[in-house]
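Below is one structure, written out as C-alpha cells; comments come after it.
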Amino acid sequence: MLRIVAGVVALIYALSFTSELGLWFADGGVLPYGRTMRLTGGDDPNELFFRWSIFYFASTPLQLYLLHGIGLVAIALFAVGFQTRFTTIVATLFILSYAERAPMLVGLVEPLLCPVMLYLCLAPCGAMFSVDAWLRGRKGVTEVSDSFLAHLAVRLVQVHVSMFYLMMAFAKLGNPVWWNGEAMWWLMAQPDNRLIDLTFLRASNLRMIVFGWTHLVVLFELVFGIFIWVKILRPLLSVLAVFHWIGLGLVTGHWQFAILMIGLSLAFAPWEVLAKEPALSTEEKSSRPASREPANAGV
C-alpha cells in the first residue's frame with residue numbers, strides 16, 4: 001500500500017516538471033548547472049556538503065527530456081509494482097535527482113517523499129497489490145515469506161511520519177497566528193492556491209468555526225504524533241487524518257502533499273488483513289506464533 005501511495009505521488013511530482021523542464025534546467029535557462037552551483041554554494045571548495053543529480057549530466061532540452069522520460073517510466077513501473085527490486089531503486093534515484101537539481105525550488109512534498117522512497121528501497125515492495133504479485137500468482141506461487149526488511153521499512157516510515165506530525169505541531173505552536181486562532185483564516189484568504197473558497201466564514205456569526213478549526217489542526221497533529229503508537233487508537237486517528245488533510249488540501253491547494261500525508265498516515269493501518277491466508281485448523285491456529293506485525297504489512 002505504501003508503494004502505491006508513494007508511487008502515485010512521485011509520478012505526479014515528476015510529471016509537474018514536464019512542461020518547463022528545458023526552460024528551467026537547460027543551458028540558457030533559469031537554473032543551468034553553473035548557476036545552481038553558485039546559488040547553492042556547490043562551487044565553493046570550503047563548503048562541506050555534497051549534492052548530486054542525474055540531471056547534472058544533461059545540458060540541452062533533448063538530453064533533459066530523454067532522462068525525464070526514463071524517469072517517468074521507472075516511476076510508473078514502481079507504482080504498479082513491476083520488477084520492484086530494480087524499479088524502486090531507479091525511481092528513488094530520479095526522485096532524489098529532481099529534488100537535488102534545484103534545491104531552492106523544494107516545496108512541501110520533497111522532504112517527506114524522498115526519505116519514504118529511500119525506506120521503500122529496503123522492502124519487498126512487490127509482495128502485495130502489484131504486478132509482481134499477480135505474476136507470481138499465475139505461476140502458482142501465492143505465499144510470501146515473512147520479511148525483516150518489510151517490517152523495518154514500515155517501522156521507519158511510521159517513525160518518520162509521527163515525528164513529522166510533531167514537527168508540524170511544534171512549528172505551529174511557535175507562531176502567534178496559531179495561538180490566536182487566525183491561522184486558518186489566513187490560509188483561506190489566499191486566492192492563488194485554494195481549491196475551495198471558504199471566505200464566507202469571515203461573517204461574524206461564523207468566525208468561531210475558523211478559530212476552532214485552527215486550534216483543532218494543532219491539537220490533532222500533536223495527538224497523532226504521540227498517540228498513534230497506542231494500537232487501539234490507530235483506526236480512529238487514521239480516519240481522522242483523512243478528513244484533516246482533505247480539509248487542509250482544499251484550503252491551501254497543496255493537494256499533492258495532502259494525498260501523501262493521507263497515504264502515509266494510513267501506514268499505521270493493518271492493511272495485511274486484506275491478504276488472503278490459507279485456512280488453518282484449530283490446532284494449527286493455537287500452535288501458530290503470534291506476530292506483532294504480519295509479513296510485509298503495509299508495503
Side-chain angles (χ1 to χ4, degrees), residues 1-11 13 52 74-75 77-97 99-100 109-136 141-168 224-235 237-238 241 259-277 288-299:
M1 191 63 188
L2 288 176
R3 185 205 75 249
I4 298 172
V5 172
V8 169
V9 175
L11 189 59
Y13 171 69
W52 184 89
I75 295 169
L77 292 176
F78 162 71
V80 299
F82 180 71
Q83 295 295 320
T84 49
R85 279 301 186 191
F86 172 72
T87 56
T88 304
I89 296 172
V90 177
T92 301
L93 174 65
F94 273 94
I95 291 300
L96 293 174
S97 293
E100 290 296 308
V109 174
E110 293 90 343
L112 197 55
L113 179 61
C114 290
V116 168
M117 293 293 292
L118 286 171
Y119 299 150
L120 291 179
C121 287
L122 300 173
C125 292
M128 298 172 62
F129 313 121
S130 65
V131 174
D132 288 346
W134 177 71
L135 292 175
R136 285 197 305 272
V141 180
T142 57
E143 185 175 352
V144 179
S145 60
D146 199 356
S147 170
F148 167 77
L149 290 177
H151 292 281
L152 177 62
V154 172
R155 189 65 74 204
L156 286 171
V157 171
Q158 290 174 338
V159 172
H160 198 110
V161 170
S162 65
M163 292 298 103
F164 203 83
Y165 267 98
L166 290 176
M167 180 191 72
M168 291 188 294
F224 190 100
I226 297 171
F227 291 100
I228 193 62
W229 298 106
V230 180
K231 209 163 188 178
I232 195 172
L233 297 178
R234 286 183 179 180
L237 291 175
S238 297
I259 293 172
L260 183 60
M261 288 303 300
I262 289 173
L264 295 182
S265 299
L266 297 177
F268 295 89
W271 293 104
E272 68 279 352
V273 299
L274 299 179
K276 293 181 179 179
E277 294 188 359
R288 186 177 182 178
S291 175
R292 289 179 297 174
E293 297 279 355
N296 306 313
V299 178

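Residue indices begin at 1 and follow the sequence shown.
Using a 4.5 Å heavy-atom threshold, the side chains of F78 and L120 count as touching. Using a 4.5 Å cut-off on side-chain heavy atoms (C-beta onward), I226 and L166 make contact. Looking at heavy atoms from C-beta onward, F164 lies out of side-chain contact with F224 at the 4.5 angstrom threshold. Under the 4.5 Å side-chain criterion, counting only non-hydrogen atoms from C-beta, L156 is in contact with L122.
Interatomic distance, R155 CZ to Q158 CD, rounded to the nearest 0.5 Å: 4.5 Å. Atom CG in D132 sits 4.5 Å away from atom OG1 in T84 (nearest 0.5 Å). Interatomic distance, NE2 of H160 versus OH of Y165, reported as 12.5 Å (0.5 Å rounding). With rounding to the nearest 0.5 Å, the separation of CG in L93 from CG in L118 is 10.5 Å. Taking CZ of R234 as the reference point, atom OG of S238 lies at 8.5 Å (rounded to 0.5 Å). A distance of 8.0 Å separates CG of L135 from CD of Q83, quoted to the nearest 0.5 Å.
Contact record, A74 with V90: CB-CG1, 3.5 Å, taken as the closest heavy-atom pair. Nearest heavy atoms, L113 versus A6: CD1-O, 3.9 Å. For the residue pair G7 and I75, the shortest heavy atom distance occurs at O-CG2, 3.9 Å. Taking all atoms of both residues into account, the shortest heavy-atom contact from I228 to S162 is CG2-CB, 4.2 Å. C121 and R85 get closest at one heavy-atom pair: O-NH1, 4.2 Å.
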Would you check, one step at a time, whether the test side-chain contact (heavy atoms from CB on, under 4.5 Å) holds for M168 with M163?
CA-CA 9 Å; M168 291 188 294; M163 292 298 103; over 6 Å; no

Does L112 form a side-chain contact (heavy atoms from CB on, under 4.5 Å) with L260? I'd like the steps, not just the answer.
CA-CA 8 Å; L112 197 55; L260 183 60; 4.0 Å; yes

Let me see the working for I95 and C114 under side-chain contact (heavy atoms from CB on, under 4.5 Å), right down to the final yes or no.
CA-CA 7 Å; I95 291 300; C114 290; 4.0 Å; yes

Verdict with supporting geometry, W52 and E100, side-chain contact (heavy atoms from CB on, under 4.5 Å):
CA-CA 6 Å; W52 184 89; E100 290 296 308; over 6 Å; no

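Remark: the backbone N or O of G126 is not paired with any side-chain donor or acceptor of R3 at under 3.5 angstrom. In this structure, the side chain of T87 does not engage the main chain of G81 through any donor-acceptor pair within 3.5 Å.
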